[in-house]
A.B. asks: 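Okay, here's the structure, questions in a sec.
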Amino acid sequence: MIYVTQVAPYRDGPAGVHGVLGQSATAMAELADAAGLAYRQIPDVRDLSADELASVRVVALFTIGETPWDDVQRATLLDRLRTGGLGVIAIHAATDSCYGWDDYGLLVGARFNGHPWTQDFTLDVCDENHPAVAHLGPTWMWHDEVYQFRDLRPDARVLLQLDDSQLDLSRPGVNRPTFGFPISWCFEEQQGRVFSTALGHFPAAWESVTFMRHIQGGLSWVLGQPG
């Protein structure tokens with residue numbers, strides 16, 4: 001597994017830096033080891049060799065801004081995903097990346113469209129048989145940023161959804177999508193699998209066994225576990 005944690009500027013200015021990146025890297029190394037995968041954190045994709053990208057089993061992303069993937073890297077990621085050699089995990093701000101790469105939305109499943117809220121909320125578990133949420137029961141109480149999205153893939157299997165009755169829809173920046181407020185989903189891109197979760201902004205997430213099992217279940221699924 002490689003875990004990409006690059007912070008890069010947006011096209012119109014700097015991106016914010018998430019303070020949990022180092023903590024999350026330690027957590028992802030633990031999950032990779034438990035899955036029998038070698039692990040390397042990638043703070044800058046310009047240091048990622050073509051050979052490594054062509055052989056890695058899982059690419060996990062906690063990125064923000066215009067991650068500087070070159071054309072060969074982009075083509076390799078999509079080709080290996082589509083042929084089943086690669087699984088992808090998108091964590092938190094990974095959907096707020098690569099606006100200059102049209103196919104990136106296909107890679108992670110949706111595009112970030114703001115987070116007007118940070119609050120406590122109760123998530124509905126939409127697919128109780130999926131390993132990323134099977135441990136949760138019918139609902140999950142959590143505290144995090146609440147993302148809204150655009151361009152959600154129509155074939156995305158929503159795993160966690162937030163009922164918008166819990167949200168103040170009059171707040172500035174609210175753009176309620178027709179598909180509501182999915183928080184985690186998965187999908188298959190031809191023969192490859194992608195798991196995405198918008199959670200993980202705060203340190204408490206990466207200290208939580210419940211959250212870690214959420215990520216671990218997503219990792220198991222992209223590696224081929226049924227669900």
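Bear in mind that the values here come from a model prediction, so they are computed numbers and not experimental data.
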A.B. asks: Within this structure, what is the CZ-CG distance for the pair Phe187 and Asp155, rounded to the nearest 0.5 Å?
C.D. replies: 7.0 Å
A.B. asks: Hey, can you tell me if Tyr10 and Tyr99 have their rings parallel, tilted or perpendicular (30° and 60° cut-offs)?
C.D. replies: tilted
A.B. asks: Could you tell me which residues satisfy side-chain contact (heavy atoms from CB on, under 4.5 Å) with Arg157, sequence neighbours excluded, listed by chain and number?
C.D. replies: Asp127, His130, Cys186, Trp221
A.B. asks: Among residues two or more places apart or on two chains, list those pairs meeting side chain to side chain donor-acceptor pair (under 3.5 Å) that have a residue in residues 203-216.
C.D. replies: Thr197-His214
A.B. asks: Taking all atoms of both residues into account, what is the closest heavy-atom pair of Arg111 and Ser97, and its distance?
C.D. replies: NH1-O, 3.0 Å
A.B. asks: Is the shortest heavy-atom distance from the side chain of Val222 to the side chain of Val194 under 4.5 Å?
C.D. replies: no
A.B. asks: So, using ring pair (Phe, Tyr, Trp, His ring centres under 6.0 Å) as the criterion, who are the partners of Phe181 when residues are at least two apart?
C.D. replies: Trp117
A.B. asks: What residues, two or more places apart in sequence or in another chain, satisfy ring pair (Phe, Tyr, Trp, His ring centres under 6.0 Å) together with His143?
C.D. replies: Phe202
A.B. asks: Sort and list the pairs that fulfil salt bridge (Lys or Arg N to Asp or Glu O under 4.0 Å) and have at least one residue in residues 161-180, not counting sequence neighbours.
C.D. replies: Asp164-Arg176
A.B. asks: Could you give the distance from CZ (Phe121) to OG1 (Thr139), rounded to the nearest 0.5 Å?
C.D. replies: 12.5 Å
A.B. asks: Near Glu128 CD, under 6.0 Å, is it more than 12 heavy atoms from other residues, nucleotides or ligands?
C.D. replies: no
A.B. asks: Any link between Leu167 and Phe179 through a network of hydrophobic side chains (Ile, Leu, Val, Met, Phe, Trp, Tyr) touching at under 4.5 Å?
C.D. replies: yes
A.B. asks: Suppose we screen for side-chain contact (heavy atoms from CB on, under 4.5 Å). Which residues come up paired with Ala94, at least two apart in sequence or across chains?
C.D. replies: Leu61, Thr63, Ala90, Tyr104
A.B. asks: Just distance, no hydrogens or angles: give the donor-acceptor pairs under 3.5 Å from side chains in residues 17-31, sequence neighbours left out.
C.D. replies:
unit_1: His18; atom_1: NE2; unit_2: His92; atom_2: NE2; d: 3.4
unit_1: Gln23; atom_1: NE2; unit_2: Pro203; atom_2: O; d: 3.2
unit_1: Ser24; atom_1: OG; unit_2: Tyr3; atom_2: OH; d: 2.7
unit_1: Ser24; atom_1: OG; unit_2: Val20; atom_2: O; d: 3.4
unit_1: Ser24; atom_1: OG; unit_2: Leu21; atom_2: O; d: 2.8
unit_1: Thr26; atom_1: OG1; unit_2: Gly22; atom_2: O; d: 3.4

A.B. asks: Going only through I, L, V, M, F, W and Y residues with side-chain contacts under 4.5 Å, is there a path from Tyr39 to Ile91?
C.D. replies: yes
A.B. asks: Restricting to side-chain contact (heavy atoms from CB on, under 4.5 Å), what partner residues turn up for Thr178, sequence neighbours left out?
C.D. replies: none
A.B. asks: Going by side chain to side chain donor-acceptor pair (under 3.5 Å), name the pairs with one or both residues in residues 73-83, residues two or more places apart or in two chains.
C.D. replies: Arg82-Glu189
A.B. asks: Please list all pairs meeting salt bridge (Lys or Arg N to Asp or Glu O under 4.0 Å) that have one or both residues in residues 34-48, counting only residues at least two apart or in different chains.
C.D. replies: Arg40-Glu52, Asp44-Arg46
A.B. asks: Got a sec, which pairs hit salt bridge (Lys or Arg N to Asp or Glu O under 4.0 Å) with one end in residues 93-105, sequence neighbours left out?
C.D. replies: none
A.B. asks: Is the distance between the ring centroids of Phe112 and Phe149 under 6.0 Å?
C.D. replies: no
A.B. asks: Sorted by first residue and then second, give each salt bridge (Lys or Arg N to Asp or Glu O under 4.0 Å) pair with at least one member in residues 6-18; sequence neighbours left out.
C.D. replies: Arg11-Glu66
